[in-house]
Structures are given as C-alpha cells and as structure tokens.
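The structure under discussion appears below in the form of structure tokens.
What's counted below: heavy atoms across the whole structure, side chains too, no hydrogens, waters or symmetry copies. Please read all numbers here as calculations on a predicted model, not as lab measurements.
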Amino acid sequence: KFQIDSFFNPKCLRRTHISSIPWTIIYSTMKFTAVAAALFVASATAFAPPAFVNNKNVVKSSSAMQMAFSSKIFKTQDVQLGETTETIVKGGRDLFPLLPKAFEGIKQVGVIGWGSQAPAQAQNMKDSLAEVNADTKVVIGLRKGSSSFQEAKECGFSEEDGTLGEMFDVIKGSDLVILLISDAAQAKLYKEIFAAMKPGATLGLSHGFLLGHLDSIGEKFPEGMDVIAVCPKGMGPSVRRLYEQGKEVNGAGINSSFAVHSDVSGKATDLALGWGIAVGSPFMFETSLRSEYCSDIYGERGILLGAVHGIVESLYRRYQRQGMTAEDAFVQSCESITGNIVKTISTQGIKAVYDQMSEEDKNTFKIAYSASYKPAKEILQEIYDEVSSGNEIRTVIMHGDRLDRYPVGKIDGTDTWKVGEKVRANRDEDNIPLNPFTAGV
C-alpha cells in the first residue's frame, strides 16, 4: 500500500530573502519547470476564489474572467482556448518602434531591487528603449550599502551616469516605479514607498503579493495612482537569456501576464503592454492583480517549491525502504523526473509519458497515480485555502520579521542533496530511466 510521506510542509517554503531559501538551488540545478507547469495547470482550476477580501477596499480592476481588453497603441488579437476566447497582444522586436508612444510621459523608470527579476527586466527594457532612441531612462534603485551595487555596475548601470542610486532617491525621481524587492520588504516599506512617489507616478509590480498584504490588513493603494503589473512566466535569468536569443528571431522570450489594477490616467493598459514588450514578452495576456497573487503563491507553495521537491523526497525514502541503494533511489526518483519525464512533457506533452510505457509499466503508473491523487489534492486544497484566506501572506510577513534571528537554512546539507551531487557528477544523459511509479506520483 502506497503512502506519501514527508510530502512537504507548505509553511516552510518562503518567497522572502531569495538568496537564503532552498528553491533557488533547486531551480538552478534541477530542471523542474516543465513538470511544475503541467502539474499547476492541472490543479489550479479546482479551487474557489479568495474568501478574505474586503470589498470596500478593492479598487475596481480588470477581470481575468472577461479575457478581453483594448489598446490604443498595440494591435490585439483573439485566441480560442477551449470554450474561452481570450484577447492577447503578440509581442516582438518589430513593435519596439511603438514603445516611445507607450512610454509617453515616462522620463524615468525606476527598477527597485536586484533579485531574480530586476536585473533581467531592467537590462531588457534599457536595451529595447535604446534601440528606438526612446527618451526614457532606466534607473536601478537599491538600499544604501547594498552589496548589489557592484553587480548592477557590472551590468552597465552606474551612479556616474545617473542610472544607479539609493532606492528612495530613485523612487522620488521616477514616473514608473517597478517594485521588485522581496515580499517581506514590500510589506515593511510600502508606506514609505507610496509617500516617496511623486504625484502622477505609476506603481509597477511583477507579483500581486503587496495587494494581498493590503487586503489582509484592510488597506489599499493610494487614491489617484495608476497600479499595473507585468508578470513574466519564468525566472529572471531565463527572461534575460531568451530576450538576447530573441534578437535573432524577432522576440523569443518569456510570456507575461499583465494586470491593470487602477487606471486613473487612462493610459495604464498601454503602459503595461509597453513594459511587457520592452522586456521581451512574445505574448501578453490579461489577468487581475488579485488572481495573480492567489495563483502565483498557490503555484509556488503547491508546485514549484512544494510538490516536485516533496515527491522527490518521499520517493527517495520509499525506494530505499524497498532495498535500493541511496544512489539508485535518487536516480529512480529525482533523475527520472528531471530527465525523461520533464523532457517528454516539454517536447510531446504530459500524456506522452504514459503512452510510451509498456503495459506492465502502465499498470504500475496507474497504481501510483491512483494512490497519490487524493492526498495530493487534499494538500493542494489546504494550500489554496491558506493563500486565499490571507494566512500564508501573514505567515510570510511574520517570518520576515524574525529572519535576522532565525535565518533559513539551505538544502545542500540534506542527505538527498549530498547523494544527488555524486549521482549528477556521473550522469549519463542517454541512460536515465523513466520510472513508471515515479511518473504516476
């Protein structure tokens, strides 16, 4: 009888302080993205919308369910997804000449922070605007004394030419403030950030966490402020890498959702679309800021940072209990996922994993799949409830407050990771097994 053990503890998986948490190591070494995306799409639609929102504090925003928007600058087109017609903007370098119009009135874009997204988005936007001689400067804002000043300088930003400075100085001088600091820092500093923004400036986000935090404490964004979001569907390094590759194929990159939470100026949609095109998004589709943070945090806790890691840990231990060596258990769990399973999903779709199996392996797959489905769904339901109720957001804030006293450990000290280092060092890409039980889970 199969039992998922040590699946994961969702409250141990944080978004704060990127350099210290395990998922960055997992992301950089194990290619989980395709499996994570497939699992997320399969599970995300099963749960109800957030229950904790106070409607009195909600700024009227575009609804992700309407799936339609209009632009005065960029050509839109409709695509059919099942029974839903959704409006999109198809990006590409051929649209760069329209960027000056989209950024009209934006003399300075302040990119605040230097985590995963900021280096990529800032460099991409800077390059795109420069290509069409747009009169808009991209400036990096960092906290005083930050070690990231040197990294930003290495990417071409400098205090001498006015493209690098202290974060609040940059915020005060920016017409578009793209806030890419950690969730905990946003929750701690949002009042100071709002106060520093000049009248008429637009707040840009790449994650809806701040709205979730404001909802949970009964507050809202300042009146009279445009609030938009552009959310690339990939990690920062891939946003930059694929943008650079796209120079040869007219805009290959990372797709982005966008949201217009507040549009006082009447120009917010076109500015958001311009931002997305400038960072290299080949397709832009609409969401709402609230839908974004519920789906994003749920996806992180339930899939990207939770399920794949939890599946590896549980199977790694199960296979050893059945008599495998630690090395073989790692190969049959982690290597099987990041090797054949991911590659098959990426190139042929998730059903092809099952279709290529023998009848005996298909039966093993069915046993594992059936045993895993209900406990996994129960955990995912709990995660969604925690996110939509605001509990998860409050937990993140409290965690950030005690991080200096109780820092998060790294995953590289675990038995699984240590064994994995040895296995990966001797990896034979052509002989990675596709374990049917692992695939079923």
Side-chain angles (χ1 to χ4, degrees), residues 45 49 55 58-107 109 121 124-125 128-129 132 134-136 175-179 200-208 211 220-233 246 250-296:
T45 57
N55 288 329
V58 174
V59 178
K60 185 176 181 181
S61 62
S62 301
S63 170
M65 300 306 294
Q66 292 174 349
M67 303 295 182
F69 62 91
S70 61
S71 171
K72 299 174 184 176
I73 299 175
F74 302 102
K75 180 182 177 181
T76 63
Q77 63 185 83
D78 291 339
V79 294
Q80 197 71 26
L81 302 172
E83 298 179 356
T84 301
T85 300
E86 182 164 354
T87 303
I88 65 167
V89 164
K90 187 176 181 181
R93 303 181 70 84
D94 57 311
L95 298 184
F96 285 5
L98 297 176
L99 292 178
K101 191 173 182 181
F103 281 80
E104 185 177 4
I106 307 295
K107 297 298 182 182
V109 177
Q121 292 199 39
N124 291 6
M125 183 178 288
S128 300
L129 293 170
V132 292
D135 187 26
T136 301
D175 304 292
L176 169 60
V177 176
I178 300 177
L179 195 61
T202 296
L203 177 64
L205 304 165
S206 284
H207 176 41
L211 173 62
K220 58 184 178 180
F221 293 106
E223 298 288 345
M225 176 189 290
D226 284 3
V227 180
I228 62 176
V230 169
C231 310
K233 301 306 168 186
N250 189 33
I254 298 291
N255 294 334
S256 295
S257 62
F258 79 95
V260 176
H261 185 73
S262 177
D263 185 5
V264 178
S265 68
K267 300 178 180 179
T269 297
D270 284 323
L271 179 56
L273 291 170
W275 169 10
I277 289 165
V279 300
S281 301
F283 292 95
M284 299 281 294
F285 54 94
E286 189 183 26
T287 185
S288 72
L289 202 54
R290 187 163 290 105
S291 294
E292 194 286 327
Y293 84 71
C294 280
S295 63
D296 189 53

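- Leu98 places none of its side-chain heavy atoms less than 4.5 Å from the side chain of Ile277.
- Once rounded to the nearest 0.5 Å, the distance linking NZ of Lys233 with CG of Asn255 reads 9.5 Å.
- Taking both residues in full, the closest heavy atoms of Pro100 and Phe96 are given as CD-O, 3.7 Å, listed atom of the first, atom of the second, then distance.
- Remark: Ser265 pairs with Asp226 by the side-chain hydrogen bond (donor to acceptor under 3.5 Å, both in side chains) rule, at least two apart or across chains.
- Put simply, the side chain of Phe285 does not reach to within 4.5 Å of the side chain of Leu81, judged on heavy atoms.
- With values rounded to the nearest 0.5 angstrom, Leu289 atom CG is found 5.0 Å from Leu211 atom CG.
- Checking side-chain atoms of Ser206 against main-chain N and O of Val230 turns up a donor-acceptor pair under 3.5 Å.
- In terms of modelled atom types and a separation under 3.5 Å, the side chain of Thr287 and the main chain of Ala259 share no donor-acceptor contact.
- Scanning for ring-ring contact (aromatic ring centres under 6.0 Å, His included) contacts around Phe258 gives Phe69, with sequence neighbours left out.
- Taking 4.5 Å as the limit, some side-chain heavy atom of Ile228 sits within range of a side-chain heavy atom of Leu271.
- For the side-chain hydrogen bond (donor to acceptor under 3.5 Å, both in side chains) test, no residue two or more places apart in sequence or in another chain qualifies with Thr136.
- Side chain of Asp263 to backbone of Ala268: a donor-acceptor contact under 3.5 angstrom is found.
- When all heavy atoms are compared, the tightest approach of Thr87 to Ala68 is OG1-CA, 3.4 Å.
- Remark: Asp175 pairs with Lys198 by the salt bridge (Lys or Arg N to Asp or Glu O under 4.0 Å) rule, at least two apart or across chains.
- For the pair Asp135/Phe103, no side-chain contact is recorded, criterion being any heavy-atom separation below 4.5 Å from C-beta on.
- The minimum heavy-atom distance between Leu95 and Lys90, with the atom names listed, is CD1-O, 3.2 Å.
- The minimum heavy-atom distance between Gly91 and Asp94, with the atom names listed, is O-OD1, 4.4 Å.
- Sorted by first and then second residue, the side chain to side chain donor-acceptor pair (under 3.5 Å) pairs with a member in residues 271-280 read Gln121-Trp275; sequence neighbours excluded.
- Taken from CD in Glu286 to CG in Leu273, the straight-line distance is 9.0 Å, to the nearest 0.5 Å.
- Side chains of Ser281 and Pro232 form no contact here, defined as non-hydrogen atoms less than 4.5 Å apart.
- Residues Ser262 and Met225 have side chains not in contact (no heavy-atom distance under 4.5 Å, counting atoms from C-beta outward).
- Closest non-hydrogen pair, Leu99 versus Ala278, comes out as CD1-CB, 4.1 Å.
- Evaluation of the salt bridge (Lys or Arg N to Asp or Glu O under 4.0 Å) rule for Lys101 yields no partner, not counting sequence neighbours.
- The minimum heavy-atom distance linking His207 with Cys231 is given by the pair N-SG, 4.1 Å.
- Within the 4.5 Å cutoff, the side chain of Leu205 has no heavy atoms near those of the His261 side chain.
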